Amino acid sequence: MQTINIQHFNTSFGELILGDFQGEICICDWRYRKMRDTVDNRIKTALKAEFTESDTPLLSALRDQLSEYFQGTRNTFDLPLLLIGTDFQKTVWNELINVPYGKTETYLGLSRKLQNEKAIRAVASANGANSIAIIIPCHRIIGSNGELTGYAGGLNTKKKLLQLEGVKFPSEQLSLF
């Protein structure tokens, strides 16, 4: 049986579980999300591996980069990622990486970028199955009406992450009248 080295990382935004499988990040996810067991089992099964609490240089580098992000001094990540999911999910996650820091996209807009507007529900589902939060920025996806919708770390965390990135919400914009 292979090993996925994991660490828990407390941040001011919530607790993350970080995972390194053979020198690639396979988990950077909210520890107390609703789908925790489902996501973990998907990863363990695909990799034929078990979790072992152990630190690695890659997990240390990930903690450093996340800390810089949370402090507002980093807006991109440069660590090797291992995406574990269906081909469709991987396509969605690779498109998510293209949503720039400080910007948002809608589920419909993401579906259009994938040239499959009718796949909006599948895109939303893939977004929710993302196990590499923040680096694969699913928090940047919002509803077509501009509202914040589901997020594994909770809507309050999603809002805080977007505020950290400088995203303005309609209620925060100054009115001229």
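It should be emphasised that the depicted structure is a prediction, and the values quoted were computed from it without experimental measurement.
One finds the CG atom of Asp20 at 5.5 Å from the CG atom of Asn5 (value rounded to the nearest 0.5 Å). Considering CG of Leu16 and CD1 of Ile27, their distance stands at 11.5 Å, rounded to 0.5 Å. Taking CZ of Phe13 as the start and CG of Leu164 as the end, the distance is 4.5 Å to the nearest 0.5 Å. For the atom pair CG of Leu148 and CG of Asn145, the computed distance is 9.5 Å after rounding to the nearest 0.5 Å.
Residues Leu59 and Phe51 are members of separate hydrophobic clusters, defined by side-chain heavy-atom contacts under 4.5 angstrom among Ile, Leu, Val, Met, Phe, Trp and Tyr.
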side-chain contact (heavy atoms from CB on, under 4.5 Å) evaluation trace for Ile17 with Phe9: CA-CA 6 Å; Ile17 179 172; Phe9 183 48; over 6 Å; no
Quick one: do Ile4 and Leu47 satisfy side-chain contact (heavy atoms from CB on, under 4.5 Å)? Show the steps, please. CA-CA 9 Å; Ile4 302 165; Leu47 297 177; 3.9 Å; yes
Between Lys158 and Thr149, is a side-chain contact (heavy atoms from CB on, under 4.5 Å) present by the stated rule, with each step listed? CA-CA 9 Å; Lys158 183 174 189 167; Thr149 58; 4.1 Å; yes
Carefully, step by step, assess Cys28 and Ile132 under the rule side-chain contact (heavy atoms from CB on, under 4.5 Å). CA-CA 4 Å; Cys28 177; Ile132 305 179; 4.2 Å; yes
Does the pair Arg42 and Asp37 meet the rule for a salt bridge (Lys or Arg N to Asp or Glu O under 4.0 Å), with working shown? CA-CA 8 Å; Arg42 180 186 78 220; Asp37 288 341; over 6 Å; no
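Nearest heavy-atom pair, Thr104 versus Ile142, reported as atom, atom and distance to 0.1 Å: OG1-CD1, 3.6 Å. Taking all atoms of both residues into account, the shortest heavy-atom contact from Ile136 to Trp93 is CG2-O, 3.6 Å. In this structure, Arg140 and Val99 approach most closely via the heavy-atom pair NH1-O, 2.7 Å.
Taking the salt bridge (Lys or Arg N to Asp or Glu O under 4.0 Å) definition, one finds that Glu24 meets it with nothing, sequence neighbours left out.
For the 3.5 Å distance criterion, the side chains of Glu50 and Gln2 fail to qualify, holding no donor opposite an acceptor.
Side chain of Thr91 to main chain of Asp87: a donor-acceptor pair is present (N/O by atom type, distance under 3.5 Å, no hydrogens or angles). Put simply, the side chain of Ser131 gets close to the backbone of Cys26: a donor and an acceptor are under 3.5 Å apart. A donor-acceptor pair is defined here as one N or O able to donate and one able to accept, closer than 3.5 Å; no such pair exists between the side chain of Lys44 and the backbone of Val39. The closest donor-acceptor contact from the side chain of Arg36 to the backbone of Trp30 lies under 3.5 Å.
Checked for salt-bridge contact, Glu105 and Lys113 meet the test: a charged N lies under 4.0 Å from a carboxylate O. Between Asp29 and Arg33, at least one side-chain nitrogen of the basic residue sits less than 4.0 Å from a carboxylate oxygen of the acidic one, meeting the salt-bridge criterion.
In this pair, Tyr69 and Phe77 present their aromatic rings tilted. The plane angle is within the 30 to 60° band.
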